[in-house]
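Treat the numbers as computed from the prediction; the structure is a model and nothing was measured. Below, chains carry the letters A, B, ... as their sequence lines are ordered, and counting in each starts from 1.
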Amino acid sequence: MEDDLGNWRRTHYSEELNADIEEDVTIAGWVHEIRDLGGVMFLIIRDRKGKVQVTLPEKKVKDKLMDKISEISKESVLMVQGQVKEDERAPGGLEVLPKEIKVLSDAETPLPIDVAGEVNTELDNRLNSRFLDLRNPETLSVFKIRDKTFTEVRKFLEKEGFIEMTSPKMVATATEGGTELFPISYFEKEAFLNQSPQLFKQIMMASGLDKVYEIGPIFRAEEHDTRRHLNETTSIDIEMAFSDHTDVMGILERLINYVYEKIEQECSEELKKLDKDLKPPELPFERIKYDEAVDICNKKGIEITWGEDFPTPGEKAIGEEIGDYYFIVDWPSEIKPFYAQPKEEKEISKAFDLMHPEFELSSGAQRVHSIELLKKRMINQDLEPSEFKFYLDAFKYGMPPHSGWGLGAERLLMAITGKPNIREVVLFPRDRKRLIP
RNA sequence: GCCCGAGUAGUGUAGUGGCCUAUCAUGUAGCCCUGUCGAGGCUACGACCCGGGUUCAAAUCCCGGCUCGGGCGCCA
């Protein structure tokens, strides 16, 4: 029989309890462990912030309460009202002696995954029961860090004078190319899920907002099947007027450094649970030219001809050589999108990639702001300028030079948490095979 | 999409032709125990992905399917 919440409310999280609290407290959470020693019973109650022991000495607790609790199953939801008591025999030196307990929800047994984390459950099973997986303090740590990361990214960009914007996720055709799109039905029209906010944040550069950023979902219909790709992911995008690529590279490296510092300082408990030793990367990040990167690959036996993008083994080879975050600059124009500004030597562009030793994190560039050059580059890349009218119009009536980048939020979180699989840092990942839950 | 590998109790595993009536841990259920903290002790429960084939004999070998993992490609 499950109890009614009634007028009970949580007065304290586990972490907030201390021996100086004289009045009765009400704690709320899940039964993490049950240890029945016969004459005394211990319940470990877990909430978002930690765990606390509830001690039930048989002689001091009402029979009715004892009977009720002796039938409890792990992971059931409880509220406990009682006295906080200091006792060095209790884990953490504190325990709660209950006067009343409400069983708000009985948990079925057995559980589909091991929540306590003593037996490692495979990711696939964990994702099928993500709500239970989150009850594992290690998994929870990943998502507390994720939350903190987004908070700090926003703080940093706000401090730098950026304005948060939101672009549409449902679009007609005409995106910047380079990837497959998911088609959707939009009343009588065909539409797509947007691959990035690129075109929209550039349009805002003609609005006078000067510095904008967006954190939001992007969709790619590629049939990739790797540990570092998803079909729905989160991008952190900025666009900045009156700037060139070197300006936004500076913002990017300082942002990464700042987020690392903040996580290191304010998520030390979470990092410890993940067994991750986080060191902010030193500023400035190394900048290597595309040509140098090609040389490194060739030296290491990965053959690349000029004008090709780096294959996965190439990225790893360069990462091994550098050992920390680095930029690749001076990319051939032909392998960068139409909106990347060419340098005076036209075959080189003002585009850059930010690399982690194991994967790409971000790419950006100074953008083309001349409408004539834009049209020319579109045609070169087999795109039809007339389909981009909504975008090109923004370049007609005063468009300042501008630059920006897009940063893969999940890639950043992989780097911070040290998780080898991108699915670990997304609550409900969407990949080639998974659409549920 | 290509290549490689794997599917054994709820979870994680051992077992690679007969010693399998299938190992161990965890879990679940029950009993004992007044200070546990990965509690302990005793007892019980629970599994060979599906379909076909080879063989006297298949968890084990072969074929097909399904599912999962890794690498690559594509892509960020």
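Tyr339(A) and Tyr391(A) share no donor-acceptor pair across their side chains, judged by distance under 3.5 Å alone. Side chains of Asp291(A) and Trp306(A): a donor-acceptor N/O pair is present below 3.5 angstrom, by distance only. With hydrogens and angles left out, the side-chain atoms of Glu222(A) and His229(A) include no donor and acceptor closer than 3.5 Å. For the residue pair Asn128(A)/Arg434(A), the side-chain donor-acceptor check at 3.5 Å is satisfied. Under the 3.5 Å distance criterion, with hydrogens and angles disregarded, a donor-acceptor pair is assigned to the side chains of Thr312(A) and Arg228(A).
As rounded to whole Å, 11 Å separates atom P of A76(B) from atom CG of Leu181(A). A straight line from CD of Glu358(A) to P of G70(B) spans 14 Å, rounded to a whole angstrom. To the nearest angstrom, P of C74(B) lies 8 Å from CG of Asp309(A). Atom CG of Leu37(A) is separated from atom C1' of U36(B) by 5 Å (rounded to the nearest Å). A straight line from CD of Glu33(A) to P of G35(B) spans 17 Å, rounded to a whole angstrom. With rounding to whole Å, Asp124(A) atom CG is found 13 Å from C66(B) atom C1'. Distance Glu315(A) CD to A76(B) P: 11 Å, rounded to the nearest Å. When the C1' atom of A76(B) is taken as reference, atom CG of Leu413(A) falls 15 Å away, rounded to whole Å.
With RNA chain B read from its 5' end, the first of the two nearest nucleotides for Arg432(A) and Asn421(A) is the one closest to Arg432(A). Of the two residues near RNA chain B, Glu410(A) and Leu97(A), the one whose nearest nucleotide lies more 5' is Leu97(A).
The aromatic rings of Tyr290(A) and Phe310(A) sit tilted, their planes meeting at an angle between 30° and 60°. A tilted orientation is assigned to the rings of Tyr258(A) and Phe156(A), their planes being inclined by 30° to 60°.
The side chain of His224(A) has C74(B) as its nearest neighbour among C74(B), G38(B), U11(B). Of all nucleotides listed (C75(B), A29(B), U11(B)), C75(B) comes nearest to the side chain of Thr312(A).
If you take atom P in A59(B) and the same atom in U8(B), they sit 15 Å apart, rounded to whole Å. Spacing between C19(B) and A14(B) at atom C1', rounded to whole Å, works out to 15 Å. One C1' atom belongs to A22(B), the other to C31(B), and the distance between them is 28 Å to the nearest Å. Taking atom C1' on both U54(B) and U60(B), the two are 13 Å apart, rounded to the nearest angstrom. U16(B) sits 37 Å from G73(B) when the P atoms are compared, rounded to a whole Å. Annotation: C33(B) and A25(B) have their C1' atoms spaced 24 Å apart (nearest Å). Nucleotides C68(B) and C50(B) place their C1' atoms 15 Å apart, quoted to the nearest Å. For the P atoms, the distance from U23(B) to U55(B) is 30 Å, rounded to whole Å.
Across all strands shown, Pro57(A) has no heavy atoms under 4.0 Å from either base or sugar-phosphate atoms. Within the nucleic acid shown, Thr226(A) comes within 4.0 Å of at least one base atom, counting heavy atoms only. Heavy atoms of Asn125(A) sit under 4.0 angstrom from primed sugar atoms or phosphate atoms, though from no base atom. Glu122(A) comes within contact range of the sugar-phosphate backbone alone, with a heavy-atom separation under 4.0 Å but no base atom that close. Within the nucleic acid shown, Asp87(A) comes within 4.0 Å of at least one base atom, counting heavy atoms only. Across all strands shown, Ser235(A) has no heavy atoms under 4.0 Å from either base or sugar-phosphate atoms. Residue contacts shown for Lys59(A) include a base, since a base heavy atom lies under 4.0 Å away. If you check every strand for non-hydrogen atoms under 4.0 Å, Asn128(A) touches nothing. Heavy atoms of Thr121(A) sit under 4.0 angstrom from primed sugar atoms or phosphate atoms, though from no base atom. As judged by a 4.0 angstrom heavy-atom cut-off over every strand, Lys316(A) is placed among residues touching the sugar-phosphate backbone only.
In this structure A47(B) sits in no base pair that meets the Watson-Crick or G-U test at under 3.5 Å. As the counterpart of G38(B), no nucleotide is assigned, since no Watson-Crick or G-U wobble pattern has both distances under 3.5 Å. As the counterpart of C61(B), G53(B) is assigned, both hydrogen-bonding distances of the Watson-Crick or G-U wobble pattern falling under 3.5 Å. Using N1 to N3 plus N6-O4 or O6-N4 for Watson-Crick, or N1-O2 and O6-N3 for G-U wobble, each under 3.5 Å, C72(B) pairs with G1(B). In a base pair of the Watson-Crick type (N1 to N3 plus N6-O4 or O6-N4) or a G-U wobble (N1-O2 and O6-N3), with each distance short of 3.5 Å, U23(B) is matched with no nucleotide. A6(B) is paired with U67(B) under the Watson-Crick or G-U wobble criterion, all donor-acceptor distances under 3.5 Å. Under the Watson-Crick or G-U wobble criterion, with both distances below 3.5 Å, G17(B) has no partner in any strand shown.
Distances shorter than 4.0 Å separate none of the side-chain N or O atoms of Thr179(A) from OP1 or OP2 on A76(B). Residue Arg227(A) places at least one side-chain N or O closer than 4.0 Å to OP1 or OP2 of G71(B).
A donor-acceptor contact under 3.5 angstrom links the side-chain atoms of Gln53(A) to the base of U36(B). Counting atom types as modelled, Glu95(A) pairs a side-chain N or O with a base atom of G35(B) as donor and acceptor under 3.5 Å. For His229(A) against C75(B), a side-chain N or O and a base N or O form a donor-acceptor pair under 3.5 Å.
Enclosure of atom CD in Glu108(A) is not indicated, since only 12 or fewer non-hydrogen atoms of other residues, nucleotides or ligands lie within 6.0 angstrom.
For Arg10(A) and Tyr13(A), the positive end sits near the middle of the six-membered ring, less than 6.0 Å away and at most 45° from its axis.
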